[in-house]
Amino acid sequence: MPKHLPVLLLACLPLLAVAQDDPVERLLAQMTLEEKIGQLSQLTIQSTPTGPVIDQGEHTQMPVTLLGSVLGADTAQQTRQLQEQVVNGSRLHIPLLFAYDVLHGFRTVFPVPLALASAWDPDLAQRTARAAAVEATASGVHWTFAPMVDIARDPRWGRVVEGAGEDPFLGSALATALVHGFQGAGAPDVSSMLATAKHFVAYGAAEGGRDYNVADLSERTLREVYLPPFEAAVAAGVGAIMPSFNEVAAVPMHSHTKLLTALLREQWGFAGLLVSDFNAVWELAQQGIASTQADAARLAFNAGVDIEMASQSYRQHLATLVRKGQVSRKNVDDAVRRVLKAKQRLGLFDDPYRYSDEARERASQLTPQHRALAREAAQKSIVLLKNDSALLPLSKQPGKVLVVGSLASDASATIGPWSGAANPEDSVTVLQGIRNAVAPGTEIVYLPGASPTSPATPNITQVEQTARSSDVLIAVLGETAEQSGEAHSRAELGLPGGQAALLHTLLNTGKPLVILLMNGRPLVLDASVQQAPALLETWFLGSETGNAVADVLFGDINPSGKLPMTFPRHVGQIPIYYAHKNTGRPPSGDGSFASAYIDVPWTPLYPFGFGLSYTSFSYSSPRLSTTRLASTQTLEVEVTVTNTGKRAGDEIVQLYLRDDVASVTRPVRRLRGFRKIHLAPGESRSVSFFLSQQDFALLDEHFSPKVEAGGFTVFVGPDSTTANQAHFEVSDTRRLSDDQVDRR
Ligand code: GLC
């Protein structure tokens, strides 16, 4: 025995003592391999599965007493019963984690994430996530699979509804806010949930906008566009990350060791859980990189996926893989330790039932406070796209009103996809909201006229006759909740079903027409939609849809939303986004040799950051603290914004930055700041932004972060097309360390 060994053992004693004091280590030391693999298995008990049911061969489902987590339980009674079954029925009494997709509410539903992103309001986002966590945890849910932080630049992809749109800076700000909202600030309490940043990574780059399709993109785009919101979520302390179904450049994300382990764990220091998506481990065989389910389990686990959701490749093969030495016991222990620590942090070892609280459930869900928050969030998510001749706001005594479109009375549409454990009946439809808002005695006629799911336009003659006898027409047009979200990609982006025909009929009457869009993605709004004098983007706004829409429609609220995603003129323009490159023959150039189309203008119909108000705002030219600074210095950019209209309003002031010349090509501009201000009529206010090295920085051709000397242009205005600009120089080139750059 080496002579120094006793000293070493003595030195290790304190560590061993600590380990034995730590309940997680004590538990781990007692667990059998099968019990450990149980902690790495998550089965679904969803009433409506969120993925395909697959044939898992001869094996029956793992007994619930062995499981580490369950997806789909959503009441205090159900979670308590299951927890009792597992805690009392298992050898080591390890409590379950209950997981659920709480994306934008639980019983009270808030605007879908793409709508909420239109409010450009991280504080509001955090408050809605907090309220959702309070409701879900009362029902015993410990773990949400949210926020979805996938950047998306292709509205054909149905899941754009679940995220914050096309921009990494806005997306990162909202990712941070939502993680803090779900997990709570400070030490976890009974309303804290484990949040999950998903789907890692570049899921929104699915080729053709076709869900689950390959993402074949450059390392640069991956680093500059798709990774930043995940880095922000990790920095915010997110408890879990879910890899995405897609491959990135021929490597499926569920077996991507370089991104799941080298980047996430080793470079970014992510210490939370990596949970697979639904059946995604099993699907590695479908993707053609695993010949057997044992192979799929080996590839996924060794790449870094801790927990397998829904499919049971881990349950069926991990033990054998360990015994064969193809999966290390240490890595299994590390993964199980992460699961046990998550349960420990949520207090489940102290009291496995602390979350499943029927009294708190009754007291905390669909409360007036949560409904008021849902209404506020919905109001702030509405984007005014057009308002010719100030048709809006309408009077509350508008005369005879015709409301058309099946979506006007579709409660399911108001709560959108991923509406948690909500009941549509608890939601206020647009029609109900209008009826609630108008003056008593106002005649409201409702005729569905057409729906997004059928080409039929029943009683179109009656619609036309009624329209001709009405004073104002309100058309609620767009998509149903089922035409948006997962596995609902669309190749056409116009108004589906018989809605376009209905619109033509309304336009032919020449009556004042307001279109309310209810949809989960940017749509292609054709010429007839553009003929309407007034156009509001209302997305899927949640439980208080009708009241919030009426608040804006009749002027109690002045709309302030701004688009988080570009609206194309034509589906052929996709992908189209504001932070594009100039090219050697800029599309904005004149002459025929320009990067443009011969049949459609190259510009979007409505640009990123666009949104009107019932008032108007003017901007001074940007004032700079200096026009030349060192890379280590900070630049102040100040503008004065004035409310030049007749009513108070909120304006989301946006700052964009362009690196005019660099060693690699740079976008024509990138969002680097935004601020929402409230101005009374005639009021002016100065708004300041501060730019520093992390704003000037770029990744050079070798992906090393640096600031390069040279000229920059800063733009400050109401949307991403503003020409309100100023120029400055950075005097020196300097390399930065990784932690000096936030790649948003
Ligand atoms: C789905 C989704 C994922 C969700 C999971 C559990 O397939 O891709 O976002 O969290 O399954 O419902």
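Counting starts at 1 for both ligands and their atoms, in listed order.
The pair D167-R153 does not count as a salt bridge, with every side-chain nitrogen at least 4.0 angstrom from each carboxylate oxygen. Electrostatic pairing of E486 and R159 counts as a salt bridge here, judged by a charged N lying under 4.0 Å from a carboxylate O. Between D334 and R338 no salt bridge is recorded (no basic side-chain N to carboxylate O distance below 4.0 Å).
Atom CZ of R210 is surrounded by 12 or fewer heavy atoms from other residues, nucleotides or ligands within 6.0 Å.
Under 4.0 Å from ligand 1, not a single heavy atom of T196 appears. At a heavy-atom distance under 4.0 Å, no atom of Q42 approaches ligand 1. When heavy-atom distances to ligand 1 are checked against a 4.0 Å cut-off, M309 comes that close only through its side chain, counted from C-beta outward.
Among T48, D101, D277, the residue whose heavy atom lies nearest to atom 12 (O) of ligand 1 is D101.
Close contacts of ligand 1 with T50, meaning ligand atoms under 4.0 Å from a residue heavy atom, involve 1 (C), 6 (C), 7 (O), 11 (O), 12 (O). Residue contact check: K198 has heavy atoms under 4.0 Å from atoms 3 (C), 4 (C), 9 (O), 10 (O) of ligand 1. Which parts of ligand 1 touch F245 is read off a 4.0 Å heavy-atom cut-off, strictly below it: atoms 7 (O), 8 (O). Close approach to Q46 involves these atoms of ligand 1, each under 4.0 Å from a residue heavy atom: 12 (O). Interface of F278 with ligand 1, defined as ligand atoms under 4.0 Å from a residue heavy atom, comprises 7 (O), 11 (O).
At a 3.5 angstrom cut-off on N or O pairs, E162 does not count as close to ligand 1.
The side-chain heavy atoms of K562 and L170, taken from C-beta on, include no pair separated by under 4.5 Å. Side-chain contact between V70 and T44 is absent, with no heavy atoms from C-beta onward closer than 4.5 Å.
For atom 9 (O) of ligand 1, the nearest non-hydrogen atom of the protein is H199 NE2, 2.6 Å. Of the protein's non-hydrogen atoms, the one nearest atom 1 (C) of ligand 1 is E486 OE1, 3.2 Å.
In the model, E308 has a side-chain atom that pairs as donor or acceptor with a side-chain atom of S311 under 3.5 Å.
In summary, the aromatic rings of F245 and W282 are positioned with their centroids too far apart to meet the 6.0 Å limit.
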